[in-house]
Asks: 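Have a look at this one.
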Protein chains: 4
Amino acid sequence: MTNPTAILLVSCPDQPGLVAKVANFIYANGGNIIHADQHTDASAGLFLMRIEWQLDGFNLPREVIGVAWKAIAQPLNAQWELHFSDETPRIAIWVSKQDHCLFDLIWRQRAGEFAAEIPLIISNHPNLGAIAQQFGIDYHLIPITPDTKPQQEAKQLELLRHHRIDLVVLAKYMQVLSADFIAQFPRVINIHHSFLPAFAGANPYQRAYERGVKIIGATAHYVTQDLDEGPIIEQDVVRVSHRDQVTDLIRKGKDLERIVLARAVRYHLQNRVLVYGNRTVVFA
Amino acid sequence: MTNPTAILLVSCPDQPGLVAKVANFIYANGGNIIHADQHTDASAGLFLMRIEWQLDGFNLPREVIGVAWKAIAQPLNAQWELHFSDETPRIAIWVSKQDHCLFDLIWRQRAGEFAAEIPLIISNHPNLGAIAQQFGIDYHLIPITPDTKPQQEAKQLELLRHHRIDLVVLAKYMQVLSADFIAQFPRVINIHHSFLPAFAGANPYQRAYERGVKIIGATAHYVTQDLDEGPIIEQDVVRVSHRDQVTDLIRKGKDLERIVLARAVRYHLQNRVLVYGNRTVVFA
Amino acid sequence: MTNPTAILLVSCPDQPGLVAKVANFIYANGGNIIHADQHTDASAGLFLMRIEWQLDGFNLPREVIGVAWKAIAQPLNAQWELHFSDETPRIAIWVSKQDHCLFDLIWRQRAGEFAAEIPLIISNHPNLGAIAQQFGIDYHLIPITPDTKPQQEAKQLELLRHHRIDLVVLAKYMQVLSADFIAQFPRVINIHHSFLPAFAGANPYQRAYERGVKIIGATAHYVTQDLDEGPIIEQDVVRVSHRDQVTDLIRKGKDLERIVLARAVRYHLQNRVLVYGNRTVVFA
Amino acid sequence: MTNPTAILLVSCPDQPGLVAKVANFIYANGGNIIHADQHTDASAGLFLMRIEWQLDGFNLPREVIGVAWKAIAQPLNAQWELHFSDETPRIAIWVSKQDHCLFDLIWRQRAGEFAAEIPLIISNHPNLGAIAQQFGIDYHLIPITPDTKPQQEAKQLELLRHHRIDLVVLAKYMQVLSADFIAQFPRVINIHHSFLPAFAGANPYQRAYERGVKIIGATAHYVTQDLDEGPIIEQDVVRVSHRDQVTDLIRKGKDLERIVLARAVRYHLQNRVLVYGNRTVVFA
């Protein structure tokens, strides 16, 4: 899409007239809707909506859209986000020693699959510095030990601020973030190498092999204080057999991890994901 | 859903304000939207929408909803259908000798997966009459030969009229319907035992085996004059290997055929399918 | 396959010459191998093999094949089973209130997908008696309460003996079998309505919905003393979204359960499954 | 596998004793079989086998294994290949302008997924020269026009000889090879961006979109004189919907192409693929 669009994400208590009120707001100001999707969770009594319209010919200048919308949103007790398709989010990729997700994310960004910049890579190991250099991305080695964790997380947060990072992607970072960190920077996506909730925690492929499952999976989720318990954005699976050793599960899993993580990041960057409770609505 | 809903399917030339106009029509009359989905085909300049709302508390009696909506639809050059969730469509299942799809459709209807009645089975062979009897469904044997086709199709149309049939499901009927028949009764869903457009025509499993494909599929589509060329509603696939003989492809294919046909019939019965040109939009 | 075959399942400590010794035994007696597959679990130091050959032209009468083979197997410390393709295993299907797996298994047996007989249905509820009657299968209502379990399991075992049952299929039986029962009758396949080990135990669909997973699954496994911990034979999955309510997960899951259970039963009936430890090798 | 193995691929007219003869050859010389798989195509009367054993402790030096085996193979009218796991095949990757498969293949080779070297990249466009340089791979720009094709193919063959290439991988080369080229260098794997035989030829994604399919695929196959008609090695698919534009099909297809091509190349490199007629047996 060459001409820019506005994207409004809304969640509020369900009630009649919500679609009409949102649509009227856009129509009354001359906007042309190019995507609208909604969901009502009856049990939660919650209405969730994503609506996207062209800024060309929209009467409100973008800096006042939020203010104008706020007047409508407030009486609805709506939580909402307003985004513009020509904003370019900034991603920090956190890695450990494995490079497959890092390579994949950088390739997709270069290929134009992600409308985003990747100015920063953080790692607790030096191994992938050469890749960062090769692509001209700032690389910071921040080793973590139980003792140094608080200071090191402070450094990490400072880097995120300095690079004006919008999203952290844990691309096989293999480290737990503290509750305090998440509280200060909640927009973190992690790829877990299992079909959660199966094999949460460490060594999922080893445990999948031991359990003798016939299918393995990967799960991309937002990071919360509870390890591997965050809202799931995307999952996928691949078939395995008795011929597959643990090393084969790891190899097959890498393809899953790359694809599942990439889908989740793309959904997030396109503002297609709404979180409520411990669940997501993905307006794919 | 216990309390009844109205479902409006709309397709019209794309233009600003469409969502607002539809949503306002419902809101202004006190309706509560429980599902709304839309799609714009930019290349076709076409807007397509499905919107469903509760009749409880809706100010317009159902017999005048269409009239009231027509006043809005006409200036939009909109094609539209209005359905009510408590209407019970009537299905005729057409079969030949194979029983797997017939059994499956009947079981799903009995199990409540389909909000529909199945008062009629038509076949060009006597083989499945016992099943019809077992479930108390009217069974008509109408053999077809090139010479008798016109008269026999006349009989078939008469039966559809007599049983007030809304949808014909070709559950492995293995016969081509004439253009004239389709013109008089266009609401026909067929299951084709291949991943169309691969292996259109006869003996797809034999040809899939000969080609040495590693995956086979099934396709549910609306029937048009051009055999196997109708709008695709649903497809799915299953993996095969060199160990699978043609008989194995047939066996594996039967599971696909049952599931793909059932999904397509369910989408149709829930008024989730819009057709334009030779394509479908399925608001699943 | 019209002309009968012999199937030998072997597992023994890995050592050189195993394939040669088995193949020679068959070749020396004029047998023609039509299927052979093997697997070595290096970590377990275990060799597993399935070999199938035509009885036509085999010099040993079938009643002495076992004796002759024993002389070779003993020095190898091999565990083994000998089966003949024209033996017809007898299946007892155990159900509770849900009929989808029962209908499916009976249909497949009638359609010739299973080379087996189904002379017995056992249930703890009366609901499905009519289906048993319709297909002329012996139906026994054996309600279970914590107090009556021992006596009732004794009745069940007596029925299995009386009907000379080779395999029990728990087709949504929804009851735990006692360790004592399993010890006396170990050949039991169960279908669990989740992607084990995720959501082991009760109400997996409810819990899958609450966890917000994007994929659900089903698992067929041999029953052991540890509930939902038995060796997995087959698994498969289907994608779900935020639009799917618990009832949709149940509906979609039913299709999975039917297919996954049918595959597992077929593998077992064709003597393609070898169990060791808590794992299976499926020579599909 | 650290210690080297020998791999024997055999295909010959079916007859009793084949498994025994092959297994005895290995056992008699002190070999330990670590993988054996076979298939009989009854309709073709053909027996196909892959057998792999450890060279450690094998009595025959590797240079005489072929000679010794030939004495057994000849009376069986067997076609056969002998490979050693510590041989390192040499791959030439042919590309046009798209880089996703090239990047993926190089990454997998660097990651150790392929036991092979990639000394040569050939392209009809200059676009991907920088990638070749970045990874230190020899890059040759050989533009093709109808007039220059014969001379240019001669150049290509000369490069393959000079670099002692064992396998050519067409990683989105988008050019047809002449029958003459194939006759001189038959070991060529191509990735076609459709679920063959659907949408053979040009612009498959455009045509898939126009046909309104609900699933798209990719196919890896050996190249023969007949475009897109060669023996299929591997296929896979991904679901699409009305929301996916042609650009989305292309994007989703790229992930398929990378994975399907990588699987096919790996099967080939591990000598797991046997071709007969226009089919493959993949002993995965």
Side-chain angles (χ1 to χ4, degrees), chain B residues 37-44 46 48 194-200 204 206-222 228-246 260 263-264 267 273-284, chain D residues 37-44 46 48 194-200 204 206-222 228-246 260 263-264 267 273-284:
Chain B
D37 201 352
Q38 64 159 79
H39 176 63
T40 305
D41 185 323
S43 52
L46 195 69
L48 306 109
S194 89
F195 182 74
L196 289 174
F199 308 118
Q206 177 66 38
R207 287 152 58 209
Y209 176 81
E210 285 162 5
R211 181 63 186 93
V213 294
K214 302 302 186 185
I215 290 173
I216 59 170
T219 305
H221 63 92
Y222 287 111
D228 301 334
E229 290 296 324
I232 294 170
I233 305 169
E234 172 66 350
Q235 301 183 291
D236 212 338
V237 298
V238 65
R239 195 165 273 276
V240 295
S241 85
H242 60 272
R243 295 205 186 280
D244 291 299
Q245 302 304 307
V246 174
V260 170
R263 285 188 200 144
Y267 288 144
V273 190
L274 279 81
V275 176
Y276 70 101
N278 201 41
R279 335 165 40 76
T280 64
V281 168
V282 180
F283 288 124
Chain D
D37 202 353
Q38 63 160 78
H39 177 62
T40 306
D41 185 322
S43 52
L46 196 67
L48 306 109
S194 89
F195 181 73
L196 288 174
F199 309 118
Q206 177 66 40
R207 286 151 59 209
Y209 176 81
E210 286 163 4
R211 182 62 185 93
V213 293
K214 302 303 186 184
I215 290 174
I216 59 170
T219 304
H221 63 92
Y222 287 112
D228 301 333
E229 290 296 324
I232 293 169
I233 306 168
E234 172 68 348
Q235 301 183 291
D236 212 338
V237 298
V238 65
R239 195 165 272 276
V240 295
S241 84
H242 59 272
R243 296 204 185 280
D244 291 298
Q245 303 303 307
V246 174
V260 170
R263 284 188 201 143
Y267 287 144
V273 190
L274 279 81
V275 176
Y276 69 101
N278 200 41
R279 331 164 47 73
T280 64
V281 168
V282 179
F283 289 124

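The figures that follow rest on heavy atoms only: side chains count, while hydrogens, waters and symmetry mates do not. Throughout, protein chains are lettered first and strands after them, A, B, ... in sequence-line order, and every chain is numbered starting at 1.
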Asks: Are the charged groups of D/Arg239 and B/Asp236 less than 4.0 angstrom apart, N to O?
Replies: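 Counted as a salt bridge, because a side-chain N and a carboxylate O are separated by less than 4.0 Å.
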
Asks: Could you look at B/Ser43 and say if it's the side chain, the backbone, both or neither that has a heavy atom under 4.5 Å from chain D?
Replies: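 The answer is the side chain of B/Ser43.
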
Asks: Mind checking ring pair (Phe, Tyr, Trp, His ring centres under 6.0 Å) for D/Phe199 and listing every partner two or more places apart, or none if nothing turns up?
Replies: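 Not a single residue meets the ring pair (Phe, Tyr, Trp, His ring centres under 6.0 Å) criterion with D/Phe199.
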
Asks: For D/Arg243 and B/Gln38, work out which heavy atoms get closest and say how close.
Replies: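 Taking every non-hydrogen atom into account, NH1-O, 3.3 Å.
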
Asks: Closest approach of D/Ile232 and B/Lys214, non-hydrogen atoms and distance?
Replies: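 Heavy atoms only, the tightest pair is O-CE, 3.4 Å.
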
Asks: Return the option, out of D/Gly277, D/Ser194, D/Ala198, with the maximum number of heavy-atom pairs under 4.5 Å with chain B.
Replies: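 Highest number of pairs under 4.5 Å: D/Ala198.
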
Asks: Measure D/Ser241 against the heavy atoms of chain B and call it side chain, backbone, both or neither at under 4.5 Å.
Replies: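 Neither part; nothing is under 4.5 Å.
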
Asks: If you count heavy-atom pairs within less than 4.5 Å of chain B, which of D/Ala208, D/Gly230, D/Ala42 leads?
Replies: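 Top option by heavy-atom pairs under 4.5 Å: D/Gly230.
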
Asks: At a heavy-atom separation under 4.5 Å, does D/Leu48 approach chain B through its side chain, its backbone, both, or neither?
Replies: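 It is neither, since no heavy atom gets under 4.5 Å.
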
Asks: Heavy atoms only, distances under 4.5 angstrom: which of D/Thr40, D/Val237, D/Leu196, D/Val213 has the most pairs with chain B? Name it, please.
Replies: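 Answer, by heavy-atom pair count under 4.5 Å with chain B: D/Val213.
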
Asks: Which heavy-atom pair separates B/Ile215 from D/Phe195 by the least distance, and what is that distance?
Replies: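 Looking at all heavy atoms of both residues, the shortest contact is O-CZ, 3.2 Å.
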
Asks: Contact part of B/Glu210 toward chain D, heavy-atom cut-off under 4.5 Å: side chain, backbone, both or neither?
Replies: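 For B/Glu210, the backbone is the part near chain D, not the side chain.
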
Asks: Only counting residues at least two apart or in another chain, list the ones meeting ring pair (Phe, Tyr, Trp, His ring centres under 6.0 Å) with B/His242.
Replies: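 Only D/His39, D/Phe283 meet the ring pair (Phe, Tyr, Trp, His ring centres under 6.0 Å) criterion with B/His242.
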
